[in-house]
K.L.:
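Can you keep this structure in mind? I'll have questions shortly.
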Number of protein chains: 2
Amino acid sequence: MKLSQRGEYALRALLVMGMNHGPGVIRIKDIAQQQNIPRRFLEQILNDLKSAGFVQSKRGVAGGYRLQRGPDQISLADIIRHLEGPLAPVGCVSVNYYQRCSCPDEDKCAIRSVMQEVRDAIVGVLEGVTVAHMCDRVRDLQGPLVNPLDYVI
Amino acid sequence: MKLSQRGEYALRALLVMGMNHGPGVIRIKDIAQQQNIPRRFLEQILNDLKSAGFVQSKRGVAGGYRLQRGPDQISLADIIRHLEGPLAPVGCVSVNYYQRCSCPDEDKCAIRSVMQEVRDAIVGVLEGVTVAHMCDRVRDLQGPLVNPLDYVI
DNA sequence: CAATACTTGACTCAATCAGTCGGGATTCTA
DNA sequence: TAGAATCCCGACTGATTGAGTCAAGTATTG
């Protein structure tokens, strides 16, 4: 029931890109500095997000990253599933990463039925929140007066 | 967002003890066999549950384990918290295992506010379910005709 | 006393996490 | 067209955790 450091960094980076979404790109270095993330590690993470289709990159001098889809098209559930695997606490209630467990009859397993509820609760929240929603929250929480580049994520 | 094998075994064992709750004790060996859990590993787990006050033990020939409190006094949240640590996906929204994170202002962190909701959703389910509830579910799911010792957990 | 069970602590082995590093490929700009 | 800036890729490391295993010990009962 845990989000890894890697996952948290990814969310922060995506949020920065969401807040500055537009035709231009943002450098890894800037994200790393602003969010206090080890640069080399962030490179690795963004590369991963790229091959998963969440972001796109531009190489060379004026290079950097931007979101591939619109911020409203990327749910936290998608991101976290890609980074951390199943959202469900046990494999036997996971929809996207289902794995049979050792109990003799899943349909009659009481533990499974509780974990099913936990899964649904988690997914309910995470499917409903997109990067765009997160950006709205940032603006709500921090008021309208801040310079866009200074937002605290 | 994951329940370890250890955690699952613990729940299964507690559920067996819940189903057979009474003055007598149940042997590790029986639980291990019935639930297909490595015996040595289960010993370790039950020992842990004992020092946490969930179960009590009796040594010697007619020895074994039983629940210390009534099955309705033990919530899944308690058990999992003890076994796996925080229920919250990130430390900065955990009530019982709070840990400050690296962001400059927690109250204005959008990621945190979402994770707060996730935590509340998880805890909402898990606090509401006790071992007794689980036993009811077992009976509901499996019908009233099964021999108490044969319940499939 | 012998058999049965729990008790305790150490130990292994593999996988995952959180990074780090070196060097390569592109692209812009002077 | 050289050189700087930037992303790209794979390998590597060190610490921690997960899932067990094992040996020897202690208590209880018949």
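We name chains A, B, ... by the order of the sequence lines, and we start the count at 1 in each one.
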K.L.:
Could you walk me through whether B:Arg112 and B:Cys103 satisfy the side-chain contact (heavy atoms from CB on, under 4.5 Å) test, starting with their C-alpha distance in whole Å, then the side-chain angles of each, then the deciding distance to 0.1 Å, before giving a yes or no?
P.N.:
CA-CA 9 Å; B:Arg112 183 169 187 268; B:Cys103 76; 5.6 Å; no

K.L.:
Once you apply a heavy-atom cut-off of 4.0 Å, does A:Gly63 come out as touching a base, just sugar-phosphate, or nothing?
P.N.:
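A:Gly63: backbone/sugar contact only, no base atoms under 4.0 Å.
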
K.L.:
If I take atom CD in residue A:Glu8 and atom C1' in nucleotide C:dA18, what distance separates them, rounded to the nearest angstrom?
P.N.:
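Going from CD in A:Glu8 over to C1' in C:dA18 covers 13 Å.
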
K.L.:
May I have the step-by-step check of side-chain contact (heavy atoms from CB on, under 4.5 Å) for B:Ile45 and B:Tyr9, ending in yes or no?
P.N.:
CA-CA 8 Å; B:Ile45 295 168; B:Tyr9 289 160; 3.8 Å; yes

K.L.:
Between C:dT7, D:dC7, C:dT4, which one does the side chain of A:Ile28 approach most closely?
P.N.:
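Comparing C:dT7, D:dC7, C:dT4 against the side chain of A:Ile28, the answer is D:dC7.
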
K.L.:
Just how far, in rounded Å, is C1' of C:dA15 from NZ of B:Lys2?
P.N.:
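Atom-to-atom, B:Lys2 to C:dA15, this comes out as 11 Å.
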
K.L.:
Atom CD1 in A:Ile26, atom OH in A:Tyr65: separation rounded to 0.5 Å?
P.N.:
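The CD1 atom of A:Ile26 sits 12.0 Å away from the OH atom of A:Tyr65.
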
K.L.:
Compare every heavy atom of B:Cys101 with every heavy atom of A:Glu8, then report the nearest pair and how far apart it is.
P.N.:
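Residues A:Glu8 and B:Cys101, closest heavy atoms: OE2-SG, 4.3 Å.
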
K.L.:
Run the salt-bridge test on A:Arg137 and A:Asp140 with the 4.0 Å N-O cut-off and return the result as yes or no.
P.N.:
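Salt bridge: no.
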
K.L.:
Ignoring the backbone of A:Lys29, work out which of C:dA5, C:dC6, D:dT6 is nearest its side chain.
P.N.:
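Closest nucleotide among those given: D:dT6.
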
K.L.:
Specify the separation, in whole Å, of atom CD of A:Gln56 and atom P of C:dT26.
P.N.:
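It is 18 Å, rounded to the nearest whole Å.
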
K.L.:
When you measure from the side chain of A:Lys58, which nucleotide among C:dA18, C:dT27, D:dC8 comes out closest?
P.N.:
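Shortest atom-to-atom distance from the side chain points to C:dT27.
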
K.L.:
Could you state the atom-to-atom distance from CG of B:Leu46 to P of C:dT8 in whole Å?
P.N.:
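Roughly 13 Å, once rounded to whole Å.
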
K.L.:
Ignoring hydrogens, what is the shortest heavy-atom contact between B:Gly18 and B:Cys135? Give both atom names and the distance.
P.N.:
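Where B:Gly18 meets B:Cys135 most closely, the heavy atoms are C-SG, 3.6 Å.
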
K.L.:
Please state how far atom CD1 in A:Ile37 lies from atom P in C:dT20, giving the value in whole angstrom units.
P.N.:
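Those two atoms, CD1 and P, are 12 Å apart.
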
K.L.:
Does the distance from a Lys or Arg side-chain N to an Asp or Glu carboxylate O, for A:Arg81 and A:Glu127, drop under 4.0 Å?
P.N.:
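Looking at A:Glu127 together with A:Arg81, the answer is yes, because their closest N to O distance falls below 4.0 Å.
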
K.L.:
Pick the closest DNA chain C nucleotide for A:Glu43 and for A:Arg6 by heavy atoms, then say which residue is nearer the 5' end.
P.N.:
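Whichever sits nearer the 5' end wins; that is A:Arg6.
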
K.L.:
Roughly, in whole Å, what's the span from CD in A:Gln5 to P in C:dT16?
P.N.:
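One finds 19 Å between P of C:dT16 and CD of A:Gln5, rounded.
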
K.L.:
Heavy atoms from C-beta onward define the side chain here; which of C:dA18, D:dG20, D:dA19 lies closest to that of B:Tyr9?
P.N.:
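Minimum distance to the B:Tyr9 side chain belongs to D:dG20.
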
K.L.:
How close or far is atom C1' of C:dG19 from atom CG of A:Leu42, stated in whole angstroms?
P.N.:
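A:Leu42 atom CG is separated from C:dG19 atom C1' by 12 Å.
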
K.L.:
Give the nucleotide from the list C:dT20, C:dT7, D:dC8 with an atom nearest to the side chain of A:Tyr65.
P.N.:
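That would be D:dC8.
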
K.L.:
Which whole-number value in Å describes the distance from B:Asp48 CG to D:dG20 C1'?
P.N.:
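Checked: the CG to C1' distance equals 15 Å.
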
K.L.:
Using OP1 and OP2 only, check whether a side-chain N or O of B:Asn47 sits under 4.0 Å from C:dT8.
P.N.:
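Checking B:Asn47 against C:dT8: at least one side-chain N or O falls below 4.0 Å of OP1 or OP2.
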
K.L.:
Kindly indicate whether the side chain of B:Arg59 and the base of D:dT26 share any N or O donor-acceptor pair separated by less than 3.5 Å?
P.N.:
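Yes.
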
K.L.:
Return no unless some side-chain N or O of B:Arg27 is found under 4.0 Å from OP1 or OP2 of C:dA5.
P.N.:
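B:Arg27 to C:dA5 OP1/OP2: side-chain N or O found under 4.0 Å.
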
K.L.:
Counting only heavy atoms and a strict 4.0 angstrom limit, can you tell me which residues of residues 88-100 of chain B come near DNA chain D?
P.N.:
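The stretch gives none, as no residue of it lies under 4.0 Å from the strand.
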
K.L.:
When you measure only distances, ignoring hydrogens and angles, does the side chain of B:Gln44 come within 3.5 Å of the base of D:dT21 through a donor and an acceptor?
P.N.:
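Check passes, donor-acceptor contact within cut-off.
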
K.L.:
Return yes if the base of C:dG22 and the side-chain atoms of A:Arg40 contain a donor-acceptor N/O pair under 3.5 Å, otherwise no.
P.N.:
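Checked by distance alone, the answer is yes.
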
K.L.:
Hey, could you give me the CG/CD1 distance between A:Asn47 and A:Ile28, rounded to the nearest 0.5 Å?
P.N.:
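These two atoms lie 7.5 Å from each other.
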
K.L.:
The side chain of A:Val61 is closest to which nucleotide in this list: C:dT27, D:dC7, D:dT21?
P.N.:
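The closest nucleotide is C:dT27.
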
K.L.:
Look at B:Ser57 and C:dA5 and indicate whether a side-chain polar atom (N or O) is within less than 4.0 Å of OP1 or OP2.
P.N.:
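No, outside the criterion.
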
